[in-house]
Structures are given as structure tokens and as C-alpha cells.
Amino acid sequence: MGSRARARRAAAVLGFTGLLCAVLGAVMIVLVPTLIKQQVLKNVRIDPSSLSFNMWKEIPVPFYLSVYFFDIVNPDAILLGEKPQVQERGPYVYREFRHKSNITFNDNDTVSFLEYRSFQFQPDKSHGLESDYIVMPNILVLAAAMLMENKPMSLKLIMTLAFSTLGERAFMNRTVGEIMWGYEDPLIHLINKYLPNMFPFKGKFGLFAELNNSDSGLFTVFTGVKDFSRIHLVDKWNGLSKVSFWHSDQCNMINGTSGQMWAPFMTPETSLEFYSPEACRSMNLIYKESGTFEGIPTYRFVAPSTLFANGSVYPPNEGFCPCRESGIQNVSTCRFNAPLFLSHPHFYNADPVLAEAVLGLHPNQEEHSLFLDIHPVTGIPMNCSVKLQLSLYIKAIRGIGQTGKIQPVVLPLVWFEESGAMEGKPLRTFYTQLVLMPSVLQYAQYVLLALGCVLLLIPVIHQIRSQEKCYLFWSSSKKGSKDKEAIQAYSESLMTSAPKGTVLQEARL
């Protein structure tokens, strides 16, 4: 009796435990997704109490700027009207440091900030030094010549004389450091003296001079604290809700985020939109495929073929015109009216005529396309590579001798890649809190449910087996009583005397 009682108690305990596990697992299946969503919403908003605030304030991802120059092989031949030939040089790699300052939280659920950037040359990652010499178009001379195209001949002759006096030529041979961060040029002082509003810079001229130790403008973005549907979206840039560089309201709109974080809970139908001060416009990337980065699930977003398409190929881009061949965007209106064009490197994804006009270009998707890998649950970038090219439209200008017989061509100057990938402690923290823990909880809820069901079967099986034993015992007891009655009757028959004749009859048999 004692062992049976203990077995019953054990079965009851296991059954109760199983019931608790099953109920807990079922509750987790219902509540865990909601809890995870609430935690994500709480920790991706721009708020000092959120886990991602420090990541947003001081980006922990090491960013690198890799610069490739197009060294002109035949400058003298170009002046005689021959096709340009270039040789790619680089990369010249710079570590990019970013930090936000003047962070001000406003009453309308927005935050304003300035993001400063600085660059530090990395010789160990570069193929060359900043002291390397590069032959490039003289942007100041050729841009000024283009601006004088429709001016009176007398002014053109004066400019030709000024160029000759200052020793200016159509092509220049300068170091990487000078081209990047600026060089003194007497032409700048002359132009600023007689045409003070022509160029936005007053001292040195360099392709990236305005980016180093400077900010990218005053951004005001929504924090998502009060209205989560607008989290990270840009409200204003430099106090403007739209720019005035382009010729249509759609092209002038400031859409998307500031390009650092996006709204969480993405789907393949989500697009990645951001405003780029360097491109003076908003850009939109599209979903390509799902993948993983260091065990973290990601969505890869890439540039659509229409990003730099001209207005005839993609009508919404008509506002960025005047346009040339499809695949390059005219940015002269936001770059001191110099005939500069933005595109993918080597004119990838552009009209083939552009690459064919310059010897030495080899566009291909693997080397020249851009991408961003985003964690879809949080909207935080894990890995990115943004590649763009800057080109100059040049041609001979009648009356300006320095331009010679240059045939009209969009000549690439430089292409650059901004890349960064989460690594080290931030990556481990991100993986543990936003990937590992949710996965453990997800598996735990189903394990608890399955374990509970198994434990619930134990008392049921015990009860069934107990009933079977009772039935067998009852059956065997009933059969034993009938046998005893038969034996007793036979014994009594032997004790009773037989009638006469019975023995004789048996004997005969």
C-alpha cells in the first residue's frame, strides 16, 4: 500500500508540473512576441534611456573612406582632341570618425543635432601614400571656362590672359593630399576678388576639404517617443523642410532618415530612404535579398537602376535635369555651378556610351555597386558599402586657349567608398540582446509546452495501468473461488459409500 501511495503522489506532482509547464509555454507563445516588440520599440527610439541611444550618439562602427583616383595618362593628347585614357589609382584609405554634438530635444517629439566628421589616413590599408602625384583635370580652370561659354569674347580673352599669367593649365599634377584636403591656388584669390559669389570657398580648394573637421548640417529628426510611426524621419535639415536645388517639388523633398538608423520591423516590401547632404537630395534603396552577418539576420538593400537615370528613362527624375546620358546626375546646382556629375563608379549601371568614351573604365556589379545590410527587427545597419563617383564634364570653349581641342566628354575624377561593419563588443552585445535572447525565449516556449504535455501524460498512463491491475486481480480472485468449490465437492463424493452393483459394473469395464 505504501509504494502505491508514493507512486500516486509522484504521478500527481509530475502532472501538476506538466500543467504548469504547458500553461507557461502557451502563455509565452502568446506574450513573448508582444514583449519583444515592446522592448524593441522602447530601445530603438532616440531617448537617453534607450539601449541604442549611445550607439546613435557615438557610432561604434569603424567607418572607412576609400578613395580611388583616375590618373590621366594622356593629358596632352586630350588637348589635341583624342579620347581620354585613365588609370585607376588607390585605394587611399581614411579612418572616419563621427560624433554628434549640440543635441537638443524639442517639444514636438524631435531632436536636433550636428554630426562632425574627421578623417585620418591609414597607410597600412592603402595602396599608396598621400604624397603620390596624380594627373587630374584642373577643376577650377575647366569649370570657370564652362561658366564663361556664353559670355562675350572680350571676357573670354581676359580670362585666357589671366590663366596664362597665373600659369594655369587644363590639367594639373598634384599630390593625393592636396587633391583631397586642399591646395593654395592664385586663381581662387583672383576669382574671389572679381567674382566674389562664384565659389563657396575662400582659401584652399580640395575635393573633400569641406568634409574634414566639419559637420553635415543641422539635422532635426523625430525621436519616436510620442509618435513611433515617424521614428528617425528627418523633419528639417538646416531649418528647411525641402531644398531648392532642383526643378520639381518631388526632387526637392527631404525624405527618409538621416542615413544612420531606420524604423524597425522591416519587411521585403520596405524601402530604405534617406537624405544625403553631399548629394543634395534624398535617395531610395530597395530590398534585394535576405542574409546573415556574423550570425545576425539581415536584409540587403541596393540602389535601383533608376537612382541616377535621366528624365527620359525615369520621368520622376526630370527635376534633376538638365540631364545628359542616363546613369549620371547633374549636381552643378549644388556645387557652385561647376559641371559636376554623380554616378556609380566606372559609370556602372549607366548608358554604355559614357564608359566607352574613356579608355581604362571597367564597370562591374561586384566592385562598383552599393549595398546596406540592415537588421530588419531593429532597423540598425550591420554592414554597409556606399560607392559613388564624381565626374567633370569638359570640352573646348572657343576663346579660352587653355581648353585646346578637348572633345566633349564626362571625365571621371574620383570614386570613393564609405564602408563600415559592426564588430567587437557592440556586435557581441547586439547579438546577445537582440538575437540570442529572443531565440532562446522562442525555443523555450515550445520546449516548455512539449515538456508539459509529456509530463501530463504520466499521471494519465499511471491511472490507466492502475485500473488494469485492479481488473486482473478481481478476475483471478473470482476464478480461484470456483476451483475451490469443485475440489471440495469431489472430496465429499469420495467420502460417500457407493450404491450396490457399482463395483461390479466397474470391474466389467
Side-chain angles (χ1 to χ4, degrees), residues 56-71 89-103 113-134 136-140 143 172-185 187-189 191-192 199-219 237-238 258-260 274-281 331 334-336 338 340 342 345 370 384-392 412-421:
W56 171 82
K57 182 180 178 182
E58 300 280 348
I59 298 177
V61 176
F63 276 93
Y64 292 93
L65 175 68
S66 302
V67 184
Y68 299 79
F69 292 92
F70 292 100
D71 191 17
R89 300 272 299 275
Y92 297 89
V93 182
Y94 296 83
R95 173 76 159 86
E96 184 175 349
F97 298 92
R98 300 184 181 187
H99 72 278
K100 293 181 177 65
S101 64
N102 293 15
I103 300 175
F113 62 89
L114 292 171
E115 183 172 70
Y116 287 89
R117 290 180 294 182
S118 61
F119 299 88
Q120 188 177 86
F121 185 61
Q122 306 289 301
D124 56 319
K125 296 181 180 293
S126 303
H127 290 172
L129 300 173
E130 282 192 306
S131 57
D132 293 348
Y133 277 87
I134 306 288
M136 287 189 68
N138 190 331
I139 299 174
L140 295 174
M172 62 182 187
N173 187 19
R174 293 193 177 274
T175 66
V176 169
E178 288 176 327
I179 298 170
M180 286 288 295
W181 311 119
Y183 56 89
E184 294 285 351
D185 195 310
L187 180 59
I188 298 177
H189 301 293
I191 293 176
N192 284 332
F199 291 147
F201 40 84
K202 303 300 180 185
K204 294 182 177 181
F205 171 75
L207 292 179
F208 291 83
E210 295 179 352
L211 300 181
N212 196 24
N213 297 316
S214 62
D215 62 83
S216 54
L218 181 66
F219 274 98
W237 176 73
N238 281 341
S258 61
Q260 297 173 352
F274 60 96
Y275 178 73
S276 170
E278 290 72 33
C280 308
R281 58 166 288 189
V331 293
C334 73
R335 287 292 177 263
F336 52 87
L340 293 168
L342 200 63
L370 63 84
C384 66
S385 174
V386 178
K387 303 171 184 177
L388 296 172
Q389 175 179 296
L390 192 64
S391 304
L392 180 70
L413 303 174
V414 61
W415 76 267
F416 54 93
E417 174 191 15
E418 278 193 295
S419 60

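Because the structure is a prediction, the values reported are computed rather than measured.
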With sequence neighbours excluded, residues passing salt bridge (Lys or Arg N to Asp or Glu O under 4.0 Å) with Arg95
none

Applying ring-ring contact (aromatic ring centres under 6.0 Å, His included), can you list everything that pairs with Phe63, at least two apart in sequence or on another chain?
none

Only counting residues at least two apart or in another chain, list the ones meeting side-chain hydrogen bond (donor to acceptor under 3.5 Å, both in side chains) with Lys387.
none

Using the ring of each side chain (for Trp, its six-membered ring), is Tyr68 parallel, tilted or perpendicular to Trp415, with breaks at 30° and 60°?
parallel

Tell me the closest heavy-atom pair linking Gln122 and Gln120, and the distance in Å.
NE2-O, 3.1 Å

What are the two closest heavy atoms between Val93 and Ser66, and how far apart are they?
CG2-OG, 3.8 Å

Of all residues at least two apart in sequence or in a different chain, which pass the salt bridge (Lys or Arg N to Asp or Glu O under 4.0 Å) check with Glu130?
none

Listed by chain and number, what are the salt bridge (Lys or Arg N to Asp or Glu O under 4.0 Å) partners of Asp71, not counting sequence neighbours?
Arg89

Between Pro277 and Phe219, which heavy-atom pair has the shortest distance, and what is it?
CG-CZ, 3.7 Å

Return the set of residues passing ring-ring contact (aromatic ring centres under 6.0 Å, His included) with Tyr116 (not counting sequence neighbours), or none when no residue passes.
His99

By salt bridge (Lys or Arg N to Asp or Glu O under 4.0 Å) - contacts of Glu417 (at least two apart)
none

Partners of Tyr92 by side-chain hydrogen bond (donor to acceptor under 3.5 Å, both in side chains), sequence neighbours excluded?
Asp132

Which residues share a side-chain hydrogen bond (donor to acceptor under 3.5 Å, both in side chains) with Gln260, sequence neighbours left out
Lys100, Glu115

Pairwise side-chain contact, Pro91 with His127, heavy-atom cut-off 4.5 Å (strictly under):
yes

Sequence neighbours left out, what passes disulfide bond (SG atoms under 2.5 Å apart) with Cys280? Give chain and number order.
Cys334

How far apart are the closest heavy atoms of Ala279 and Leu342, and which atoms are they?
CB-CD2, 3.7 Å

Residue pair Arg117 / Ser216: nearest heavy atoms and the distance that separates them
NH2-CB, 4.1 Å

Taking every heavy atom of Phe113 against every heavy atom of Ser258, the minimum-distance pair comes out as CZ-OG, 4.3 Å

List the residues meeting side-chain contact (heavy atoms from CB on, under 4.5 Å) with Asn213, not counting sequence neighbours, and say none if there are none.
Ser118

Please name all residues satisfying side-chain contact (heavy atoms from CB on, under 4.5 Å) with Ser214, sequence neighbours left out, ordered by chain then number.
none

For a 4.5 angstrom cut-off between non-hydrogen side-chain atoms, does Leu388 reach Glu278?
no

ring-ring contact (aromatic ring centres under 6.0 Å, His included), paired with Phe119, selected from Phe97, Tyr64, Trp181:
Trp181

